[in-house]
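Read the structure below first, then the notes.
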Amino acid sequence: MPPLPARGNGTLATPARTGSKARRLATPIGILAAVSGAFAYVGTVDPNEPGHYPVCPLLQLTGVLCPGCGGLRSAHAFITGDLGTALQANAVATVGYFLFAAVWVLWLVRAWRGQPLRIALAPVWWWGVGAVLLVFAVVRNLPFGSALAP
């Protein structure tokens, strides 16, 4: 590794960490505040009661459940502590809540340390996620997959 260039005062330059700690933490904390606000709203305004939220357009027009159908009910059950009902309403969304939490903690730790959050996934992983969502959407609309329907 080549030596770092000297500064004007004769000391070696060190790689600079980007911004102050408060500035680095502002975005992950802001995202958490927004997500917490959304979950708080869904936790207080029950999506199981008609009239509070719009109906899924795909479900309304075609009668087909999309991968997101049941997501609000899942979030409501999750925020009120009913994990079984959350999984029953939308298992993919419930897994997504845990995945979001894990990535957010990683993001916060790396921001605290002054490191960027770089999660580089190979295209095969993205295709895999798409395939899982497609299979989930198809199976929950078939008679034998009714357990996955909200």
Side-chain angles (χ1 to χ4, degrees), residues 1 4 13-150:
M1 183 162 74
L4 295 171
T14 57
R17 292 187 174 192
T18 57
S20 69
K21 190 170 288 195
R23 186 175 185 164
R24 291 190 315 259
L25 295 175
T27 303
I29 290 173
I31 294 295
L32 180 64
V35 169
S36 297
F39 267 83
Y41 181 78
V42 172
T44 56
V45 180
D46 189 355
N48 294 306
E49 296 176 14
H52 293 295
Y53 299 97
V55 177
C56 172
L58 183 67
L59 180 61
Q60 189 173 17
L61 294 173
T62 66
V64 175
L65 297 168
C66 75
C69 282
L72 284 174
R73 284 173 280 189
S74 173
H76 178 76
F78 186 82
I79 200 70
T80 56
D82 190 355
L83 189 58
T85 302
L87 283 165
Q88 185 180 16
N90 192 321
V92 170
T94 305
V95 170
Y97 307 146
F98 288 108
L99 184 61
F100 171 80
V103 170
W104 183 84
V105 168
L106 176 66
W107 186 15
L108 186 68
V109 167
R110 292 187 64 84
W112 180 268
R113 294 178 179 168
Q115 301 167 336
L117 176 66
R118 290 195 180 116
I119 300 176
L121 295 176
V124 69
W125 286 99
W126 292 113
W127 283 103
V129 168
V132 166
L133 289 175
L134 180 64
V135 167
F136 177 71
V138 169
V139 169
R140 75 191 312 211
N141 284 289
L142 296 175
F144 65 85
S146 62
L148 294 175

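As a basis for the values below, the full set of heavy atoms in this structure was taken, side chains included, without hydrogen atoms, waters or symmetry mates.
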Given side chains that start at C-beta, do those of [X] and [Y] come closer than 4.5 Å, heavy atoms only?
{"X": "W107", "Y": "L32", "result": "no"}
{"X": "N90", "Y": "R73", "result": "no"}
{"X": "V35", "Y": "F39", "result": "yes"}
{"X": "L148", "Y": "V139", "result": "yes"}
{"X": "L59", "Y": "C69", "result": "yes"}
{"X": "Y97", "Y": "L83", "result": "no"}

Using only atom types and a distance under 3.5 Å, with no angle test, would you say the side chain of [X] pairs donor to acceptor with the backbone of [Y]?
{"X": "S74", "Y": "G70", "result": "no"}
{"X": "R110", "Y": "Q115", "result": "no"}
{"X": "H52", "Y": "P47", "result": "no"}
{"X": "R24", "Y": "P116", "result": "no"}

Can you tell me how far [atom2] of [Y] sits from [atom1] of [X], rounded to the nearest 0.5 angstrom?
{"X": "I29", "Y": "L108", "atom1": "CD1", "atom2": "CG", "value": "6.0 Å"}
{"X": "I79", "Y": "Y41", "atom1": "CD1", "atom2": "OH", "value": "15.0 Å"}
{"X": "W104", "Y": "L117", "atom1": "CH2", "atom2": "CG", "value": "12.0 Å"}

- Message: With side chain to side chain contact (heavy atoms under 4.5 Å, CB included) as the criterion, how do I119 and V103 come out once you've worked through the C-alpha distance, each side chain's angles and the decisive distance to 0.1 Å?
- Response: CA-CA 9 Å; I119 300 176; V103 170; 3.9 Å; yes
- Looking at A89 and P150, what are the two nearest heavy atoms and their distance?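 Of all heavy-atom pairs spanning A89 and P150, the closest is O-CB, 3.4 Å.
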- Item | Minimal non-hydrogen separation, L65 against R140, with atom names |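 Result for this residue pair: CD1-O, 3.9 Å.
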- Hey, could you give me each pair passing side chain to side chain donor-acceptor pair (under 3.5 Å) that has a residue in residues 77-88? Not counting sequence neighbours.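 Sorted result for residues 77-88: D82-T85.
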- Any chance you could lay out the side chain to side chain contact (heavy atoms under 4.5 Å, CB included) test for L87 and F78, step after step, and finish with the verdict? CA-CA 8 Å; L87 283 165; F78 186 82; over 6 Å; no
